[in-house]
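Everything below concerns the one structure shown next.
One is the number of the first residue; the rest follow in order along the sequence. Note that the structure is predicted; figures quoted are calculated from it, not measured. Any value given below was found using the heavy atoms of this structure, including those in side chains, with hydrogens, waters and symmetry copies removed.
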Amino acid sequence: MKRIHLRTDERGIALVTALLVTLLVSGLIAGAFAAISADDRSGATDRDQTQVYAAAHAGLEKLTSDLARKFEDDVSPDPEDILALTEHPPELDGFRYLAPGDDTDGSGYSICWNEDPCVTDGEPAATNKTISAGMFEGLQGMFTPYTITVTARSGGGAEVRLRRELQTVAVPVFQYGVFSETPLTFFSGSNMTFNGRVHTNSHLFLNGTLASYGLLFKDRITAYGEVVRTH
């Protein structure tokens with residue numbers, strides 16, 4: 001009987017194995033590059049978001065400060081004077097103040113008044129309410145609400161919008177027993193009791209206690225400057 005010998009050729013197995021290993025290594029390298037690229041993009045996005053948030057916050061603080069200075073100079077400014085503040089946003093390289101989703105001329109740096117709806121037409125409407133806290137607690141005040149909205153956009157397309165609601169309060173001076181724009185002095189020639197509120201936009205001098213007479217206040221005393229008891 002003739003024997004038949006079967007021969008197995010394994011020369012192609014080594015080539016296939018090498019190709020599989022090369023493919024696996026290539027996949028690992030591609031995955032590593034993809035992960036690094038994604039991490040870089042994520043870091044750039046986070047950095048862009050952080051910077052544009054800082055730009056929006058800077059605009060919000062500047063507009064708030066400008067509005068406060070306006071009321072320090074004029075307790076009843078015209079609406080046009082208030083709106084003029086929105087024409088001077090911060091100048092920051094790489095950032096613009098645009099309305100959300102607007103790439104043209106929509107302003108992202110605005111003030112409006114009245115709570116609902118928030119408008120810029122006509123005079124701001126004031127509401128008469130009792131002041132519930134602070135140095136003017138208990139007095140009647142005229143409350144006028146304002147809404148400040150700032151939207152900043154970076155060159156990379158990141159966008160942050162911040163809003164702040166605030167109000168001004170006008171306090172009619174007729175609610176005071178004594179109200180003074182200049183330094184105010186009390187000197188009692190005899191025992192004296194004063195029942196009304198006292199306020200001065202300067203210094204308050206209370207020298208009645210130096211004499212043999214008493215000086216008694218039964219309501220709140222406030223002063224923009226100092227309260228001096230010894231002179």
Side-chain angles (χ1 to χ4, degrees), residues 60-88 109-150 162-211 213-231:
L60 192 71
E61 294 299 331
K62 181 179 186 299
L63 195 49
T64 302
S65 178
D66 290 345
L67 185 62
R69 282 198 299 268
K70 173 58 66 176
F71 277 96
E72 287 180 357
D73 297 335
D74 184 357
V75 296
S76 182
D78 295 329
E80 294 78 10
D81 295 333
I82 296 176
L83 294 177
L85 301 176
T86 64
E87 299 175 1
H88 306 284
Y109 196 73
S110 64
I111 299 176
C112 62
W113 45 81
N114 303 335
E115 295 178 349
D116 188 18
C118 196
V119 299
T120 57
D121 297 330
E123 294 285 340
T127 304
N128 186 18
K129 296 188 294 185
T130 301
I131 301 173
S132 59
M135 62 185 299
F136 301 112
E137 181 180 357
L139 296 177
Q140 292 293 311
M142 301 299 293
F143 290 74
T144 305
Y146 294 90
T147 300
I148 295 174
T149 305
V150 175
L162 298 178
R163 173 177 292 174
R164 173 176 290 165
E165 295 181 357
L166 51 87
Q167 58 189 5
T168 59
V169 183
V171 181
V173 298
F174 64 79
Q175 300 175 89
Y176 288 90
V178 174
F179 184 93
S180 176
E181 284 286 348
T182 59
L184 178 62
T185 299
F186 276 83
F187 183 83
S188 56
S190 60
N191 289 335
M192 179 180 177
T193 299
F194 194 85
N195 292 315
R197 287 179 179 251
V198 175
H199 177 80
T200 174
N201 284 334
S202 184
H203 304 301
L204 177 62
F205 295 90
L206 302 175
N207 61 353
T209 55
L210 294 179
Y213 306 108
L215 178 59
L216 175 63
F217 293 94
K218 289 192 172 182
D219 210 328
R220 183 167 297 185
I221 300 173
T222 53
Y224 184 80
E226 296 182 4
V227 178
V228 182
R229 300 173 180 267
T230 58
H231 295 81

With sequence neighbours left out, write down each residue that passes side-chain contact (heavy atoms from CB on, under 4.5 Å) with [X], or none if nothing qualifies.
X      : result
Thr144 : Pro124, Ala126, Tyr146, Thr168
Asp78  : Glu80, Asp81
Asn201 : Phe179, Glu181, His199
Thr130 : Gln140

On a heavy-atom basis, which atom in [X] and which in [Y] lie closest, and how many Å separate them?
X      : Y      : answer
Asn128 : Gly141 : OD1-O, 3.3 Å
Ala223 : Ser202 : CB-O, 3.9 Å
Ile111 : Thr86  : N-CG2, 3.6 Å
Ala125 : Pro145 : O-CD, 3.8 Å
Thr182 : Thr200 : O-OG1, 2.8 Å
Pro172 : Ala170 : CD-O, 3.5 Å

About how many Å separate [atom2] of [Y] and [atom1] of [X], when rounded to the nearest 0.5 Å?
X      : Y      : atom1 : atom2 : value
Asn195 : Asp219 : CG    : CG    : 8.0 Å
Arg164 : Leu63  : CZ    : CG    : 9.5 Å
Ile148 : Trp113 : CD1   : CH2   : 12.0 Å
Ile131 : Gln175 : CD1   : CD    : 7.5 Å
Thr185 : His203 : OG1   : NE2   : 11.0 Å
Arg229 : Leu206 : CZ    : CG    : 6.5 Å

Practice task
Any pair with a residue in residues 65-75 that passes side chain to side chain donor-acceptor pair (under 3.5 Å), sequence neighbours left out, goes on the list, sorted by first then second residue, please.
Solution key: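 Sorted result for residues 65-75: Lys62-Asp66, Ser65-Arg69, Asp66-Arg69.
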
Handout entry: Other residues, nucleotides, ligands: >12 heavy atoms within 6.0 Å of Phe143 CZ
Key = yes

Practice task
For Phe217, enumerate each residue passing the ring pair (Phe, Tyr, Trp, His ring centres under 6.0 Å) test, keeping only those at least two apart in sequence or located in another chain.
Solution key: Phe186

